[in-house]
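Worksheet for the structure shown next.
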Amino acid sequence: MKKIIKNIIISIIFFLTAPIGYTSKILYLFFQSTILYVFFAQFFALVPGILGTFVRASFYKQTLKKSYLDLDIGFCSFFSKIETEVGKSVLITGHSQIGLVNIGDYTVIANYVSILSGRYQHNFTDPTKKITDEVNDTYNCIHIGSNVFIGDNSTIMANIGNNTIVGAASNVIKPLPPYIVAVGNPAQIVKQRIKEPNQPVAV
Amino acid sequence: MKRICKMIVIAFFYILMLPFGVLAKLTYKLFGSQILFTMFGEFLSLIPSFPGYFSRGCYYQMTLAKADIELFLAFGSYISKIETRIGKNVAIGGRTTIGLAEIGDNAAIANHVSVLSGRRQHNFDDPGSLVVDAEGVFDKIVIGNNVFIGDQSVVMANIGDKSIIGAGSVVVKEIPSYSVAVGNPAKVVKKRTK
């Protein structure tokens with residue numbers, strides 16, 4: 001019964017956000033302009049509570065390259081790039097800002113996390129140039145595996161393997177392998193998550 | 001042509017922001033109170049995308065001690081002290097909070113950065129007093145021209161011209177010009193030379 005009511009509410013919200021979502025998507029597909037997408041992504045980030053979660057899930061289902069309706073994305077969090085791919089049952093809590101990424105299934109991202117579009121998003125090579133002219137350099141897609149946890153206030157600039165845990169306030173600058181626990185600035189591996197050391201790693 | 005369109009849009013937002021800016025500036029000039037400045041600043045930080053960028057640029061140009069009308073302040077960012085001075089062509093990312101600071105020209109600050117009003121903002125020298133009663137000193141942080149500050153950094157000390165602060169750094173001591181500094185506490189790892 002509860003599930004039916006929830007599904008009805010989600011359907012209504014999906015229907016209501018459809019004009020906005022699909023207009024943003026069409027504008028991107030035909031004119032490569034993300035101006036509407038960014039506007040509404042930030043606008044819907046401000047809708048509070050469970051209503052906001054449903055609105056954001058519907059909007060991202062309509063606009064992102066891949067996303068599911070069971071995406072749970074909290075207050076003030078948003079995806080800044082329309083090319084993002086998000087897996088099944090992903091949970092993202094409040095105030096996180098996510099760039100160009102490919103997130104696996106069942107991944108959890110905590111509060112205030114920054115996921116950049118790669119390590120070379122800002123590549124300052126020439127000290128004689130103005131900083132503001134060099135800010136937007138190269139956007140690389142970050143791959144975050146399935147069943148990953150990323151703690152509060154972390155900054156992610158490199159790929160993360162499946163089943164890995166990143167501690168709070170970590171700064172991931174080098175790719176992390178699967179089945180490990182990494183913490184610190186820069187993030188370092190502190191523990192393996194497999195009981196037997198020779199057990200093959202499932203990727 | 002594009003420039004003219006932009007000027008017209010900016011003029012429109014300037015008129016729209018005029019009541020907020022004038023009220024905030026007047027209460028500060030007459031009563032020395034920043035209550036309205038903070039309230040409008042936090043409110044305007046919630047406007048998404050380009051209407052937000054223009055409104056915040058116009059509002060801070062009217063209220064701050066010095067700021068350019070084309071200041072780029074992304075979604076969720078605000079400046080908490082009215083005496084702050086900001087140079088030309090400055091870009092500030094999302095959810096960044098800036099205290100009492102003086103930012104040079106062409107500086108870029110990323111997302112989730114905190115620029116505090118100096119290291120002594122919260123003074124806990126007396127263990128007998130309540131932490132909530134602690135009164136600190138607000139120092140002005142000077143950030144030079146052409147500085148970049150990465151995501152999730154906390155800045156409590158001055159940064160020289162052309163320096164780059166990596167993501168997740170905590171700047172507790174002054175960083176000289178032409179350096180690349182990272183880590184907690186931020187240390188100079190490289191010098192930028194021509």
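The figures that follow rest on heavy atoms only: side chains count, while hydrogens, waters and symmetry mates do not. Protein chains get the first letters and strands the later ones, always in sequence-line order, with residue 1 at the start of each.
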Q) How many angstroms lie between atom CG of N146(B) and atom NZ of K129(A), to the nearest 0.5 angstrom? A) 12.0 Å
(Q) So, taking the atom named CD in Q42(A) and the one named CD1 in I47(B), what distance separates them when rounded to the nearest 0.5 Å? (A) 11.5 Å
Q) Is the count of non-hydrogen atoms from other residues, nucleotides or ligands lying under 6.0 Å from F30(A) atom CZ greater than 12? A) no
Q) Who among Q121(A), M157(A), K130(A) has the most heavy-atom pairs with chain B under 4.5 Å? A) K130(A)
Q. For P127(A), does its backbone N or O pair with a side-chain atom of K162(B) as donor and acceptor, under 3.5 Å?
A. yes
Q: Sort H95(A) into side chain, backbone, both or neither according to what part of it lies under 4.5 angstrom from a heavy atom of chain B.
A: both
**Q.** Neighbour count >12 (heavy atoms, 6.0 Å) for atom NZ, K140(B)
**A.** yes
Q | Contact class of S154(A) relative to chain B, heavy atoms under 4.5 angstrom | A | backbone
Q: Just say parallel, tilted or perpendicular for the rings of F50(B) and F39(A), cut-offs at 30° and 60°.
A: tilted
Q: Rounded to the nearest 0.5 Å, what's the gap from NE2 on H112(B) to OG1 on T155(A)? Could you check?
A: 9.0 Å
(Q) Within the 3.5 Å criterion, strictly below it, is a donor on Q152(B) or S114(A) matched to an acceptor on the partner's side chain? (A) yes
Q) Checking heavy atoms, do the side chain of S96(A), its backbone, both or neither come under 4.5 Å from chain B? A) backbone
Q | Heavy atoms from other residues, nucleotides or ligands near NZ of K173(B) exceed 12 (cutoff 6.0 Å) | A | no
Q. Are there more than 12 heavy atoms of other residues, nucleotides or ligands under 6.0 Å from atom OH of Y53(B)?
A. yes
Q: Please assess F75(B) against Q97(A) for the test side-chain contact (heavy atoms from CB on, under 4.5 Å), listing each intermediate value before the final yes or no.
A: CA-CA 11 Å; F75(B) 180 60; Q97(A) 186 157 346; over 6 Å; no
Q: Look at I173(A), D133(A), V113(A) and state which one has the largest set of heavy-atom pairs under 4.5 Å with chain B.
A: V113(A)
Q: Count the heavy-atom pairs under 4.5 Å between each of I164(B), N145(B), V180(B) and chain A, then report the option with the highest count.
A: I164(B)
Q.
Tell me whether K88(B) at atom NZ has more than 12 heavy atoms from other residues, nucleotides or ligands lying less than 6.0 Å away.
A. no
Q: Can you tell which part of N153(A) gets under 4.5 Å to a heavy atom of chain B, answering side chain, backbone, both or neither?
A: both
Q: Report, as yes or no, whether the 6.0 Å neighbourhood of atom NZ on K66(B) holds more than 12 heavy atoms from other residues, nucleotides or ligands.
A: yes
Q) When rounded to the nearest 0.5 angstrom, what distance separates CD1 in I131(A) from CD1 in I109(B)? A) 11.5 Å
Q) If you count the non-hydrogen atoms of other residues, nucleotides and ligands that lie under 6.0 Å from CZ in F138(B), is the total more than 12? A) yes
Q. Got a sec: does the OH of Y120(A) have more than 12 other heavy atoms crowding it under 6.0 Å?
A. no
Q) Do N89(B) and T132(A) have side-chain N/O donor and acceptor atoms under 3.5 Å apart? A) yes
Q. Can you tell me how far the CG atom of L116(A) sits from the CG atom of N111(B), to the nearest 0.5 Å?
A. 7.5 Å
Q: Starting at OG of S49(B), measure out to CG of L36(A) and round the result to the nearest 0.5 Å.
A: 8.5 Å
